[in-house]
Amino acid sequence: MKAIATMPDSVSPVSAPPRVRFAPSPTGFLHVGSARTFIFNWLFARHNQGTMVLRLDDTDVERNTDASVQSIFEGLRWLGLNWDEEYKQSERLDLHRAAAETIFARGLAYRDFTPAHAGDDNQSSAQGAWLFNPGMREMPREESDRRAAAGEPFALRYRVPRGEGRVLHFADGVYGAQSRPTDEVEDFALLRSDGMPTYHLASCVDDADLRISHIIRGQDHLTNTYKHLLIFEALGAQAPQFAHLPLLVAPDGTKLSKRKHGPVVSVTTYRDAGFLPQAFVNFLCLLGWSPKNDRDFLVLDEIRTLFTLEGVNRANAVVNFTEEDPFDAKAVWLNAEHIRALPVEELAHCLTPFLEQAGFHAAPDKVAAVAPLIRERIKLLGEAPAAADFFFVDKLPGYDPAELIPLKKGETTGDPALALRVLESARQVLAATDFDHDSLDKALREAATQLGLKAGPMFQPIRVAVCGRKNAPPLFETLVVLGREVCLARIAEAEERIASLG
RNA sequence: GUCCCCGUCGUCUAGCCCGGCCUAGGACACCGCCCUUUCACGGCGAUAACACGGGUUCAAAUCCCGUCGGGGACGCCA
């Protein structure tokens, strides 16, 4: 990162509480990049006691769907960050059209009768003819009126000043002082030939009308800002402050896109895999922003307190994922941290849907008992069923009986007879001992001593017998949660398995 | 093609505006060791970066110029 912004976010000298907005267009699920933009806006609003506005930018009837609207709300609700006001752009069309008329009446726009899509493929010519539509911009008003009256469709274009030496300026809250001659800004559309406003028009009209004070959005809008400046001016409105956020990019360096990068860019993918929203938010905040205090694990309250636009940097941030590993390792680690930070009851609550989805009967007591045993062993909630299956199934899935038999270092075959003796002894102990952690601990260690065994070779057969695998939570806690009956039955079954090994 | 933005460990980043405290700090990942009934957690340690080239200066990751590299915008999409 180089050179610091001249006027970071101290741009607005004194300060009515800010009003910011998040304005997604409902053309798909909630994108992680959009989620981050939303979060940063929310943080800015809440840090400054401002207002958070949610506005659906749905002026593209061709591409907007209700399903998408639902999915975006679903994503936002999951994040758990609230907003104060809500608008739908499609319900404000009168406002947009009136604004377009005003701009046209002021002579700041012209009708463009070029058929839609006419210029889709031809490249801009060398002298910059792409800046405007020749023949349209200079068309006499009489001809324009006549053709319009005759019903010929037209788009309304902004007449960007040419050859006046005018330069547009703004102070970006992240990128600093920005400027561009109007000669380099093309004549952009305000109204489509079907009469619908374009994004540029609708968004600026609404931002002005809703008295948005700060527009915080992706850096891909940086160069659009000059057009927006022109619209605010034509509207006679004071332009808001702008702050552009560095982009979230894929490992290939390009902007994250659903088409190119698949479901890993959808917020719901994270939710479904078992991310905690607070962990996801924590992760996203660290992409392009730093608390500058060497801390990574942060809760929302801390982030809100610490958040400023000065902490936002300018280089694009890579979200690291691969085909095999769809989630950034840091996101996963943060999630594990947040899981461990959760009180047991809350963790149990979060775990339940995942357990149920795996077909387990997740009784609240049971889940609460299991949660502390797996909390350090899972990084995603979605890993819970695999980590805790043996607590919930009636019958253990098949496992390799050889695992019941401990191997000494360097050996390839163990001693089945010894394993059998361990299990027999364990069965007797479990049948006779109080079923609590300390009693079990004491009794089983005594049994080990009697067999002349250390803890390892004593506990492995028991663990595998009751869990069906070698890697599992601590033994005594596990036995207690499982209960005496289940343990005895599984040990007996394990003995049969060894016997059947021959 | 034109314009704009960016460039510190593999990744996220601190440091850059106000040059010296930077033999560049933290985190994740990876590797090793310790703890330990397994796995995990935890603890300790190791490897690893200022894109390149000039300039200014006693001194540059920090200032200036250039090069290269990456990204973005240029739509009757948002």
Side-chain angles (χ1 to χ4, degrees), chain A residues 1-6 8 23-27 57-60 62-64 112 114-120 123-126 128 130-131 153-157 172 175-176 178 180-181 184-186 188-200 202-203 218-224 226 244 246-247 249 251 253-255 283 286-297 313-320 328-334 336 340 374-379 387 406 441 444-445 448 454-460 462-464 467 469-476:
Chain A
M1 179 167 69
K2 292 285 167 211
I4 256 65
T6 16
S25 80
T27 56
D57 277 9
D58 56 351
T59 53
D60 184 357
E62 305 265 303
R63 304 198 309 157
N64 295 155
D112 181 352
T114 311
H117 309 295
D120 277 3
Q123 267 304 310
S124 47
S125 80
W130 59 275
L131 287 171
F154 61 86
L156 190 69
R157 262 177 211 287
D172 190 274
Y175 288 91
Q178 304 290 315
R180 184 170 206 180
E184 289 173 11
V185 179
E186 64 276 13
F188 53 94
L190 261 15
L191 246 32
R192 299 191 262 245
S193 48
D194 62 2
M196 289 291 281
T198 62
Y199 155 74
H200 297 302
S203 147
Q219 193 244 44
D220 45 352
H221 285 292
L222 196 60
T223 48
N224 281 335
Y226 300 101
H244 290 88
L247 264 20
V249 300
T254 62
K255 188 162 71 148
F283 170 65
L286 261 15
L287 295 175
W289 173 78
S290 167
K292 300 183 194 294
N293 62 181
D294 280 352
R295 296 192 42 222
D296 296 273
F297 176 85
N313 67 7
R314 302 176 195 174
N316 292 168
V318 175
V319 179
N320 227 340
D328 191 300
K330 190 140 189 177
V332 173
W333 170 77
L334 280 168
R340 282 179 233 132
I374 61 168
R375 73 191 306 172
E376 268 123 30
R377 273 159 271 262
I378 57 171
K379 293 180 161 164
D441 185 333
L444 251 12
R445 285 187 198 277
K454 297 219 260 194
M458 176 72 192
F459 296 159
Q460 180 184 330
I462 308 173
R463 178 178 298 109
V464 174
C467 299
R469 69 175 101 102
K470 282 195 282 195
N471 301 344
L475 187 57
F476 310 126

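Basis for what follows: all heavy atoms, side chains included, without hydrogens, waters or symmetry-related copies.
Between rC5(B) and R314(A), no contact under 4.0 Å exists linking OP1 or OP2 to a side-chain N or O. For rA78(B), the OP1/OP2 oxygens have a side-chain nitrogen or oxygen of T59(A) closer than 4.0 Å. OP1 or OP2 of rG42(B) lies within a sub-4.0 Å distance of a side-chain N or O belonging to R340(A). For the pair R192(A) and rG75(B), the criterion of a side-chain N or O lying under 4.0 Å from OP1 or OP2 is not met. For the pair R375(A) and rC41(B), the criterion of a side-chain N or O lying under 4.0 Å from OP1 or OP2 is not met. Distances shorter than 4.0 Å separate none of the side-chain N or O atoms of R295(A) from OP1 or OP2 on rC12(B).
Ring centers of H200(A) and F188(A): under 6.0 Å apart, within the cut-off.
rG42(B) and rA60(B) are spaced 41 Å apart, taking the C1' atom of each and rounding to whole Å. Distance noted for atom C1' between rA61(B) and rG53(B): 16 Å (whole Å). rA73(B) and rC31(B) have their P atoms separated by 38 Å, with the value rounded to a whole Å. Annotation: rG25(B) and rU62(B) have their C1' atoms spaced 15 Å apart (nearest Å). Only the C1' atoms considered, rC28(B) is 24 Å distant from rA51(B), to the nearest whole Å. Using atom C1' as the reference point in both rG54(B) and rG72(B), the two lie 29 Å apart (nearest Å). Rounded to the nearest Å, the gap between the C1' atom of rG15(B) and that of rG26(B) is 11 Å. The P atoms of rC64(B) and rA24(B) are separated by 24 Å, rounded to the nearest whole Å.
Rounded to whole Å, the distance from CZ on R180(A) to P on rU2(B) is 13 Å. Atom NZ in K454(A) sits roughly 11 Å away from atom P in rU38(B) (whole-Å rounding). Per the geometry, OH belonging to Y175(A) stands 10 Å off P belonging to rC5(B), to the nearest Å. At whole-Å resolution of the value, CG in D296(A) and C1' in rC28(B) are 8 Å apart. When the P atom of rG72(B) is taken as reference, atom OH of Y226(A) falls 18 Å away, rounded to whole Å. Protein atom CG of L286(A) is 16 Å distant from nucleotide atom P of rG26(B), rounded to whole Å. Between D441(A) atom CG and rU38(B) atom C1' the separation is 15 Å, expressed in whole Å. Distance NE2 (H221(A)) to C1' (rC4(B)): 15 Å, rounded to an integer number of Å.
Looking at T59(A), its side chain never comes within 3.5 Å of a backbone N or O of T198(A) through a donor-acceptor pair. Put simply, the side chain of R192(A) never gets that close to the backbone of D194(A): no donor and acceptor are under 3.5 Å apart. Checking side-chain atoms of Y175(A) against main-chain N and O of R314(A) turns up a donor-acceptor pair under 3.5 Å. Remark: side-chain polar atoms of D172(A) are not paired, donor with acceptor, to backbone N or O of Q178(A) under 3.5 angstrom.
Residues forming a ring-ring contact (aromatic ring centres under 6.0 Å, His included) with F154(A) (at least two apart in sequence, or on another chain): F113(A).
Comparing A317(A) and S25(A) along RNA chain B, the residue whose closest nucleotide (by nearest heavy atom) sits nearer the 5' end is A317(A). Taking the nucleotide of RNA chain B with the nearest heavy atom to each of L222(A) and G288(A), the more 5' of the two is matched to L222(A).
Using a 4.0 Å heavy-atom cutoff across all strands shown, P474(A) reaches at least one base atom of the nucleic acid. Within 4.0 Å of S193(A), counting heavy atoms only, lies at least one base atom of the nucleic acid. Contact annotation for H200(A): base contact, defined as any heavy-atom pair under 4.0 Å involving a base atom. Nucleic acid contact class of N224(A) (heavy atoms, under 4.0 Å, all strands): base. Within 4.0 Å (heavy atoms only), P153(A) reaches no atom of the nucleic acid at all. No engagement by F297(A) is indicated, since no non-hydrogen atom pair under 4.0 Å with the nucleic acid exists. Among the atoms of the strands shown, base atoms are found under 4.0 Å from some heavy atom of A472(A).
Nearest nucleotide to the side chain of K255(A), out of rA73(B), rC12(B), rC41(B): rA73(B). When distances are taken from the side chain of N471(A) to each of rC39(B), rC12(B), rA73(B), the shortest belongs to rC39(B). Set against rG26(B), rA14(B), rA78(B), the side chain of D57(A) has rA78(B) as its closest nucleotide. Comparing rG71(B), rA73(B), rC12(B) by their closest approach to the side chain of D220(A) singles out rA73(B). For E186(A), the side-chain atoms get nearest to rG75(B) when compared with the rest of rG75(B), rA78(B), rC5(B). With rC74(B), rG71(B), rC12(B) as the candidates, the nucleotide lying closest to the side chain of T254(A) is rG71(B). Distance from the side chain of N316(A) is smallest for rG71(B) among the nucleotides rG7(B), rU13(B), rG71(B). With distances taken from any side-chain atom of R377(A) to the nucleotides rG72(B), rC39(B), rA14(B), the minimum falls on rC39(B). With distances taken from any side-chain atom of A315(A) to the nucleotides rC6(B), rA78(B), rA14(B), the minimum falls on rC6(B). Among the nucleotides rC3(B), rG72(B), rG25(B), the one closest to the side chain of L247(A) is rG72(B).
For rA14(B), the base has no donor-acceptor partner in the side chain of K292(A) [N/O atoms by modelled type, under 3.5 angstrom]. Residue-to-nucleotide contacts include no donor-acceptor pair under 3.5 Å from the side chain of T223(A) to the base of rC4(B).
When all heavy atoms of S193(A) and P153(A) are compared, the pair lying nearest together is CB-CB, 4.2 Å. A pairwise comparison of heavy atoms in I378(A) and A336(A) identifies O-CB, 4.2 Å as the closest pair. The two residues R445(A) and F476(A) have their closest heavy-atom pair at NH2-CE1, 4.0 Å.
The partner of rC63(B), taking Watson-Crick or G-U wobble pairs whose two distances both stay under 3.5 Å, is rG55(B). In this structure rC28(B) sits in a base pair with rG10(B), meeting the Watson-Crick or G-U test at under 3.5 Å. Base pairing of rU23(B): no nucleotide in any strand meets the Watson-Crick or G-U wobble criterion (both distances under 3.5 Å). In this structure, rG1(B) and rC74(B) make a Watson-Crick or G-U wobble pair, each of the two defining distances being under 3.5 angstrom.
For the atom pair T223(A) OG1 and E184(A) CD, the distance stands at 11.0 Å (nearest 0.5 Å).
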